[in-house]
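Reading through the C-alpha cells given below for one structure.
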Amino acid sequence: MAQRVLIIGASVGGATAASTLRAAGIETILLERELVKPKPCGGAVPPAAFREFNIPQSLIDCKVKNCLIVSPSNQQTHVPVAGTVPTADDYVAMVRREVFDHWLRDRAVAQGAELIHGTLADLTITDHGVDATYRDPQGTPHCLHADVIIGADGAYSTTAKLLGLPPTQRAVAIQERIMLPPDKMARWADTADLYLGHRVSPDFYGWAFPKLDHIAVGIGAGPGHTQAARQLLTNMKARLGDALDGGVLKLREAHALPMEPRKQMVLDRAMLIGDAAGLVVHTSGEGIYWAMKSGQMAAEVLATCLDAPTARNLRAYPQRWWRTYGTMYKFLSWLEWWGYGNERQMEVFTEMCRNRDVQRLTFDSYMHKQMAPAPWLSQLRMTGDILVSEARNYLFPRRAPAL
Ligand SMILES: Cc1cc2nc3c(=O)[nH]c(=O)nc-3n(C[C@H](O)[C@H](O)[C@H](O)COP(=O)(O)OP(=O)(O)OC[C@H]3O[C@@H](n4cnc5c(N)ncnc54)[C@H](O)[C@@H]3O)c2cc1C
C-alpha cells in the first residue's frame with residue numbers, strides 16, 4: 001500500500017509541505033479546520049518566497065519600495081528597499097492572506113493532495129503508523145491512518161500538544177484593516193511604516209502596511225504585555241494621527257506568535273514546521289517565508305526516509321535547518337535584543353537605519369535570505385556610526401512626546 005502523510009493545517013507551511021510531497025509522488029492529506037477566514041497577518045512577504053516557491057506575482061497587492069521607520073521620539077528614517085546590488089527584485093510584497101493561502105492550498109490540491117475540512121482532536125503514534133481523529137464542521141468524529149504526521153497547525157499547535165510537547169512562550173499580534181479614501185491611501189502607495197516605542201510595542205514594533213483596498217495597522221506584544229495589546233493598538237493609531245482620517249474599520253484580527261524555536265522539531269513519525277515549530281524571526285515578526293521553507297525542507301527530508309520515519313532519521317530536517325539558518329536566527333535575535341531593548345536603543349536603532357551598509361545588510365537578509373558578507377570598511381563605518389549614536393542618545397536622551 002502507498003505511504004501516506006497527514007498534514008495538520010493547510011496554511012502557508014502545510015500547503016508548501018503538501019506540494020513538495022506531491023512533487024515526490026507521495027500520497028498526502030491536508031486537514032484544515034478553517035477554510036474561509038483569513039489567518040490574521042500583516043502579509044509582508046520577501047521576493048525570495050515568490051522566486052523559490054514559484055508563486056505568481058499576480059497575488060501581490062503592492063510592492064513596497066520604501067520603509068519609514070519612526071522612533072519613540074518621532075525621529076524619522078526613510079529607507080529605500082534595496083540590497084547590496086540593487087535589482088528589480090528588491091521589494092517587500094504585500095499580500096492578503098485569504099488570497100495567498102488559498103492559492104497555495106489550491107495548488108497543493110491540484111497536485112493531488114486530498115483536502116479535508118476538519119479539526120484534529122486526537123492522535124496516537126504506534127510502531128505501525130499514526131492514528132488521528134478529527135471532527136468535521138458538524139462535530140462528527142472521523143478516523144484517519146497515515147504513516148507520518150506533519151504539524152503545520154500554527155502557534156497553538158494541537159499536534160505538538162497531542163505529541164506531549166510542552167507549550168512554548170507566545171506573543172500576541174493584533175491588527176485592524178482600515179479602508180481609507182483614495183487621497184489618504186496615496187500616502188502608502190509604495191511605503192510601509194514601522195513605529196517603535198513602548199507605547200505602541202514594548203517588545204517589537206507597530207506597523208502600517210498597504211494592501212489593495214485598505215491599510216493594515218497592527219502591533220506585536222510580548223508575553224508580559226499581551227493584556228495591553230488593544231491599548232497599544234489604540235496608541236499606534238493615535239501616532240498615525242490624521243493619516244487615518246475618514247477611515248472605515250473593515251476587520252479587527254489577532255493571533256499568537258511563537259517566541260522561540262522548539263527544541264524538539266521531530267519525533268518518531270512526526271515533524272513540526274512553521275509556527276508550530278516556533279520558527280518566527282523576532283526582529284521582524286516574519287513567519288510566512290520560514291513556514292514555507294521549513295515545510296519544504298521537512299518534506300524533502302521525509303521523502304528520503306518514508307520507509308523508516310524514526311526520530312533519528314527525521315532529525316536530518318532540524319539539522320539541515322539550523323545549519324542553513326542558525327547564524328541568521330542568532331543574529332536577528334541579537335538585533336531584537338539590541339535594537340528594541342529600551343527606548344534609548346530604539347532611537348539608536350532608528351538612527352542606525354540611516355547607514356547605507358546597515359540598510360543593505362538588512363534588506364539582503366530580509367529579501368534574499370542571505371547573510372551578505374560585510375567588508376571590513378562597512379563594518380568600520382557601522383561601528384563608528386553606532387558608537388556616535390549610542391553616545392549622543394546617552395548624553396542627550398530624547399523623550400517620547402505625549403500621544
Ligand atoms: C497579526 C500578525 C501579523 C503578522 N504579520 C506577518 C507579516 O507581515 N509577515 C510574515 O512573514 N509573518 C507575519 N506574521 C506571522 C505569520 O502569520 C505566521 O508566522 C505564519 O502564518 C505561520 O504559518 P504556518 O503555516 O506555520 O501557520 P498558520 O499560518 O498559523 O496556519 C496554521 C493552520 O493550521 C490550522 N489549524 C490549527 N489547528 C488546527 C487543528 N487542530 N486541526 C486542523 N487545522 C488546524 C489553522 O486553521 C491554520 O490554517 C504575523 C502574525 C500575526 C499574528
Side-chain angles (χ1 to χ4, degrees), residues 6-18 29-46 48-49 64 92-98 100-102 104-105 115-123 132-137 144 149-162 170-177 192 194 201 204-211 216-221 226 229 233 251-258 272-296 298 366 369:
L6 170 62
I7 301 176
I8 311 302
S11 172
V12 287
T16 307
I29 303 170
L30 275 167
L31 179 67
E32 171 56 59
R33 69 176 175 196
E34 178 55 67
L35 292 176
V36 180
K37 273 201 234 150
K39 164 78 205 295
C41 188
V45 184
V64 161
V92 181
M94 290 292 158
V95 303
R96 279 163 294 150
R97 290 291 297 266
E98 57 272 35
F100 193 72
D101 293 16
H102 280 202
L104 290 173
R105 191 182 297 159
L115 177 64
I116 298 177
H117 190 187
T119 304
L120 178 72
D122 205 0
L123 187 61
T133 306
Y134 74 90
R135 291 190 184 279
D136 67 23
L144 280 172
I149 188 165
I150 296 182
D153 44 357
Y156 296 109
S157 180
T158 310
T159 310
K161 206 182 299 168
L162 293 173
R170 288 184 287 255
V172 145
I174 174 170
Q175 97 175 349
E176 289 184 359
R177 298 182 179 199
L194 301 181
S201 181
F204 306 102
Y205 58 85
W207 66 87
F209 288 172
K211 298 296 161 67
V217 180
I219 61 98
T226 53
L233 181 60
L251 182 69
R252 182 178 291 134
E253 48 192 354
H255 200 78
L257 276 174
L272 296 172
I273 63 168
D275 281 16
L279 300 177
V280 165
V281 160
H282 293 130
T283 358
S284 55
E286 188 201 357
I288 296 173
Y289 176 85
W290 302 111
M292 296 173 75
K293 200 71 199 173
S294 58
Q296 182 188 54
Y366 174 76
K369 302 302 174 210

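Both counts, for ligands and for their atoms, begin at 1 and track the order of listing. Because the structure is a prediction, the values reported are computed rather than measured.
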Start with the C-alpha gap between Trp207 and Val217, add the side-chain angles, then the distance that decides, and say whether side-chain contact (heavy atoms from CB on, under 4.5 Å) holds. CA-CA 6 Å; Trp207 66 87; Val217 180; over 6 Å; no

Is the shortest heavy-atom distance from the side chain of Val280 to the side chain of Glu286 under 4.5 Å? no

Could you tell me whether Ile288 and ligand 1 have an N or O pair separated by under 3.5 Å? yes

Counting from 1, what ligand 1 atoms have a heavy atom of Gly13 closer than 4.0 Å? 25 (O)

With heavy atoms and a 4.0 Å threshold, my read on which part of Leu257 contacts ligand 1 is side chain

Numbered in order shown, the ligand 1 atoms found under 4.0 Å of a heavy atom of Val280 are 19 (O)

Counting from 1, what ligand 1 atoms have a heavy atom of His255 closer than 4.0 Å? 53 (C)

If you scan protein heavy atoms around atom 27 (O) of ligand 1, the nearest is Gly154 CA, 3.7 Å

Do ligand 1 and Leu120 have nitrogen or oxygen atoms that lie under 3.5 Å from each other? yes

Only heavy atoms of Arg97, strictly under 4.0 Å: list the atoms of ligand 1 that pass. 16 (C), 17 (O), 20 (C), 21 (O), 29 (O)

For Glu286, counting its heavy atoms only, list the atoms of ligand 1 lying under 4.0 Å from any of them. 10 (C), 11 (O), 12 (N)

At less than 4.0 angstrom from any non-hydrogen atom of Gly42, what atoms of ligand 1 do you find? 3 (C), 4 (C), 5 (N), 6 (C), 8 (O)

Between Lys39 and ligand 1, which residue portion shows a heavy-atom distance shorter than 4.0 Å: side chain, backbone, both, or neither? side chain

List the residues meeting side-chain hydrogen bond (donor to acceptor under 3.5 Å, both in side chains) with Arg177, not counting sequence neighbours, and say none if there are none. Glu98, Glu253

Protein heavy-atom partner closest to atom 31 (O) of ligand 1 - residue, atom, separation in Å: Ser11 CB, 3.0 Å

Counting C-beta onward and ignoring hydrogens, is there a side-chain heavy-atom pair between Ile116 and Glu32 closer than 4.5 Å? no

Where's the contact between Val45 and ligand 1, heavy-atom distance under 4.0 Å: side chain, backbone, both or neither? neither

When rounded to the nearest 0.5 Å, the distance separating CG of Leu6 from CD1 of Ile149 is 4.5 Å

Please determine if Glu32 has a nitrogen or oxygen closer than 3.5 Å to a nitrogen or oxygen of ligand 1. yes

Between His117 and Arg33, is there a donor-acceptor pair closer than 3.5 Å when you use the side chain of the first and the backbone of the second? yes

How long is the straight-line distance from CD1 of Ile273 back to CD1 of Ile150, given to the nearest 0.5 Å? 6.0 Å

Side chain, backbone, both or neither: which part of Ile8 comes within less than 4.0 Å of ligand 1 when only heavy atoms are counted? side chain

Contact partition for Cys41 relative to ligand 1, non-hydrogen atoms under 4.0 Å: both

Among all protein heavy atoms, pick out the one at the shortest distance from atom 52 (C) of ligand 1; state its residue, atom name and that distance to 0.1 Å. Pro40 O, 3.4 Å

With backbone taken as N, CA, C and O and side chain as the heavy atoms from C-beta onward, which portion of Phe209 lies under 4.0 Å from ligand 1: side chain, backbone, both, or neither? side chain

among protein heavy atoms, the one nearest atom 23 (O) of ligand 1 is Val12 CG2, 3.2 Å

Would Phe209 and Leu194 satisfy side-chain contact (heavy atoms from CB on, under 4.5 Å), going step by step from the backbone distance to the final call? CA-CA 9 Å; Phe209 288 172; Leu194 301 181; 4.0 Å; yes

Is it the case that Arg170 and Thr226 place a side-chain donor and acceptor less than 3.5 Å from each other? no

Examine the proximity of ligand 1 to Glu253 and report which part, side chain or backbone, both or neither, has a heavy atom under 4.0 Å away. neither

Which ligand 1 atoms are under 4.0 Å away from a heavy-atom of Asp275? 18 (C), 19 (O), 20 (C), 22 (C), 26 (O)

Among residues at least two apart in sequence or on other chains, which ones pass side chain to side chain contact (heavy atoms under 4.5 Å, CB included) with Ala171? Phe204, Leu257, Met259

Within-shell test, Gly218 vs ligand 1, heavy atom, strictly < 4.0 Å: no

Which heavy atom of the protein is the closest neighbour of atom 44 (N) of ligand 1, given with residue, atom name and distance? Arg33 N, 3.3 Å

Ala173 N/O under 3.5 Å from ligand 1 N/O: no

Does any non-hydrogen side-chain atom of Ile7 lie less than 4.5 Å from one of Ile29? no

Who's the nearest protein heavy-atom neighbour of atom 8 (O) of ligand 1, and how far? Ala44 N, 3.0 Å

At a 4.0 Å cut-off, with the gap strictly under it, does some heavy atom of Gly118 reach an atom of ligand 1? yes

Measure the shortest side-chain to side-chain distance between Ile219 and Tyr205 over non-hydrogen atoms and say whether it is less than 4.5 angstrom. no

Out of curiosity, Ile8 CD1 to Leu31 CG, how far, rounded to the nearest 0.5 Å? 4.5 Å

Are Arg97 and Val12 close enough, and set up right, to give a side-chain contact (heavy atoms from CB on, under 4.5 Å), and what steps lead you there? CA-CA 9 Å; Arg97 290 291 297 266; Val12 287; 3.6 Å; yes

Closest to atom 12 (N) of ligand 1 among protein heavy atoms sits Gly287 N, 3.0 Å

Give a yes/no verdict on a cation-pi contact between Lys369 and Tyr366, requiring under 6.0 Å between NZ or CZ and the six-membered ring centre and an angle within 45° of the axis. yes

Are the side chains of Lys39 and Glu34 in contact, using a 4.5 Å heavy-atom criterion? no

Between Thr133 (side chain) and Ala121 (backbone), is there a donor-acceptor pair under 3.5 Å? no

Gly274 heavy atoms, cut-off 4.0 Å: which ligand 1 atoms fall inside? 26 (O)

Structural part of Thr158 in contact with ligand 1, heavy atom criterion under 4.0 angstrom: side chain

Just heavy atoms, cut-off under 4.0 Å: does Ala254 contact ligand 1 by side chain, backbone, both, or neither? neither

Atom 32 (C) of ligand 1 - nearest protein heavy atom and its distance: Ala152 O, 3.4 Å

What do the steps show when you test Ser157 against Leu272 for side-chain contact (heavy atoms from CB on, under 4.5 Å), and what is the final call? CA-CA 9 Å; Ser157 180; Leu272 296 172; 4.2 Å; yes

